[in-house]
Amino acid sequence: MDRLLQFKSDLQELHISLSDAQLAQFLTYYEMLVEKNKVMNLTAITEFDEVLKKHFIDSLSLVKVCDLSESFSVIDVGTGAGFPGIPLKIAFPGLQLTLLDSLQKRVGFLQKVIEKLALQNATAVHGRAEDFAKPGQMRETFDLCVSRAVANLSVLSEYCLPYVKVGGKFISYKSDKVKVELEGSKTEVTEAEHAISVLGGKLVEQKEFTLPSSDIYRNLVVIEKSRPTPKQYPRKAGTASKKPIT
């Protein structure tokens with residue numbers, strides 16, 4: 001049986017069509033990922049079917065809130081093993097992709113993936129999110145910032161919104177039911193709204209769904225950049241997580 005059958009079905013549900021060459025790139029990426037994972041911790045998910053669903057399809061679910069058929073610039077902040085950036089680039093080669101991660105070993109792996117898959121207009125950068133968002137670096141130069149990093153939305157917004165051009169978007173991948181109001185308490189999203197506003201953003205959409213043929217819950221939080229981020233943000237490394245904007 002074709003082990004890619006479910007993957008192809010999931011892609012069809014997302015209205016994504018891939019060539020045989022693109023499917024081969026996904027397989028090569030998977031092989032490189034599990035091989036490297038033997039010597040360094042890239043992912044806890046290594047089973048073929050699970051990687052296809054929980055990493056590749058999850059990354060590509062961005063199509064639910066964003067038209068990726070156009071050529072524009074994307075930065076993936078805290079990319080880790082390359083999610084969501086690498087799957088997005090394979091499926092939509094017109095994207096101009098920058099992968100940012102704070103661990104040199106991961107960046108080294110990503111550089112090898114980019115080279116092996118012959119991905120054009122893709123680069124992996126080593127550094128902290130706070131450092132490259134400074135003036136004269138990559139501040140407000142991207143049409144889209146994405147992140148699957150596990151961080152509170154207000155903290156993540158301080159890391160990500162400074163990279164986005166006015167008129168661009170920051171989209172956060174969430175796996176928790178951050179939209180559901182809890183009795184007598186605020187959700188992560190409502191708590192982050194002030195920080196988002198301070199940083200020049202505006203919450204425009206939340207898309208809740210389950211990954212194709214599964215009960216795996218996902219939530220895409222779409223934030224539009226409506227004005228420039230004040231120059232004091234992002235603050236120095238470590239400050240955002242210790243003292244989130246409230």
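Within a 6.0 Å radius of CD in E115, no more than 12 heavy atoms belonging to other residues, nucleotides or ligands are found. Applying the 6.0 Å contact sphere to NZ of K207 captures no more than 12 heavy atoms from other residues, nucleotides or ligands. Within 6.0 Å of CD in E47 there are 12 or fewer heavy atoms belonging to other residues, nucleotides or ligands. More than 12 heavy atoms of other shown residues, nucleotides or ligands fall within 6.0 angstrom of atom NZ in K53. Remark: K116 NZ is loosely packed, at most 12 non-hydrogen atoms of other residues, nucleotides or ligands lying under 6.0 Å away. By the neighbour-count criterion of 12 heavy atoms within 6.0 Å, atom CG of D20 is sparsely surrounded, having that number or fewer from other residues, nucleotides or ligands.
Of the options I90, L33, I86, L99, a side-chain contact (heavy atoms from CB on, under 4.5 Å) to V113 is made by I86 and by none of the others. For the side-chain contact (heavy atoms from CB on, under 4.5 Å) with P93, the qualifying choice from Q25, Q22, Q120 is Q22, the only one to do so.
Side-chain contact between I57 and L11 is present, with at least one heavy-atom pair separated by less than 4.5 Å. Side-chain contact between L97 and L119: absent, with no pair of heavy atoms (C-beta onward) separated by less than 4.5 Å. No side-chain heavy atom of I216 sits less than 4.5 Å from a side-chain heavy atom of T210. In this structure the side chain of N152 never reaches within 4.5 angstrom of the side chain of P244, judged on heavy atoms. The closest side-chain heavy-atom distance from D76 to V74 is not below 4.5 Å. A 4.5 Å side-chain heavy-atom check between T229 and E140 finds at least one atom pair inside the cut-off. Contact check for S175 versus R218: side-chain heavy atoms found under the 4.5 Å cut-off. Side-chain contact between R235 and I245 is present, with heavy atoms from C-beta onward closer than 4.5 Å.
Remark: the backbone N or O of S226 is not paired with any side-chain donor or acceptor of K202 at under 3.5 angstrom. Side-chain atoms of K225 come within 3.5 Å of backbone atoms of L161 as a donor-acceptor pair (strictly under, hydrogens ignored). Remark: the backbone N or O of D101 is not paired with any side-chain donor or acceptor of T79 at under 3.5 angstrom. Proximity of a side-chain donor or acceptor of Q137 to a complementary backbone N or O of D131 within less than 3.5 Å is not detected. Between the K89 side chain and the T98 main chain, no donor and acceptor come within less than 3.5 Å of each other. Although no hydrogens or angles enter the test, the distance criterion places no donor-acceptor pair under 3.5 Å between the side chain of K243 and the main chain of G238. Proximity of a side-chain donor or acceptor of T28 to a complementary backbone N or O of A24 within less than 3.5 Å is detected. No donor-acceptor distance shorter than 3.5 angstrom exists from the side chain of Y173 to the backbone of S61, with no hydrogens or angles considered. With hydrogens and angles disregarded, a donor-acceptor distance shorter than 3.5 Å links the side chain of S147 to the backbone of V77. In this structure, the side chain of D143 does not engage the main chain of G168 through any donor-acceptor pair within 3.5 Å.
Rounding to the nearest 0.5 Å gives a distance of 6.0 Å between CG of L68 and CG of L88. One distance of note links CZ of F72 with NZ of K165; it measures 10.5 Å at 0.5 Å rounding. From E193, atom CD reaches atom OG of S197 across 9.0 Å, with rounding to the nearest 0.5 Å. To the nearest 0.5 angstrom, C66 atom SG is 5.0 Å from L144 atom CG. In this structure, CE on M32 lies 13.5 Å from CG on L27, to the nearest 0.5 angstrom. Considering CD of Q206 and CG of L220, their distance stands at 10.0 Å, rounded to 0.5 Å.
Under a hydrophobic clustering in which Ile, Leu, Val, Met, Phe, Trp and Tyr are joined whenever their side-chain heavy atoms come within less than 4.5 Å, directly or via other members, L103 and V107 fall into different clusters. Residues V204 and V166 are members of separate hydrophobic clusters, defined by side-chain heavy-atom contacts under 4.5 angstrom among Ile, Leu, Val, Met, Phe, Trp and Tyr. Under the 4.5 Å side-chain contact rule for hydrophobic residues, I75 and F132 share a cluster.
Here the shortest heavy-atom pairing between S71 and G94 reads OG-O, 2.9 Å. Across every non-hydrogen atom of Q6 and S213, the tightest pair is NE2-OG, 3.3 Å. Considering every non-hydrogen atom in both P162 and S157, the closest pair reads CD-O, 3.7 Å. Minimum heavy-atom separation, L153 to K174: N-NZ, 4.0 Å. Between S102 and H126, the shortest heavy-atom contact is O-NE2, 3.1 Å.
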Tell me, with the steps shown, if T239 and E158 meet side-chain contact (heavy atoms from CB on, under 4.5 Å). CA-CA 10 Å; T239 306; E158 185 170 347; 5.7 Å; no
Can you check side-chain contact (heavy atoms from CB on, under 4.5 Å) on Y159 and E130, steps first, answer last? CA-CA 6 Å; Y159 293 153; E130 300 96 326; 3.4 Å; yes
List the steps and the verdict of side-chain contact (heavy atoms from CB on, under 4.5 Å) for S214 and K54. CA-CA 10 Å; S214 80; K54 296 180 181 177; over 6 Å; no
Could you go step by step and tell me if V146 and K169 meet the side-chain contact (heavy atoms from CB on, under 4.5 Å) rule? CA-CA 8 Å; V146 291; K169 290 176 181 174; over 6 Å; no
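Aromatic ring pairs are classed by plane angle as parallel below 30°, tilted from 30° to 60° and perpendicular above 60°; the pair F26 and F7 is perpendicular. Ring orientation note: the planes of F56 and Y29 are close to parallel, at an angle under 30° on the 30°/60° scale.
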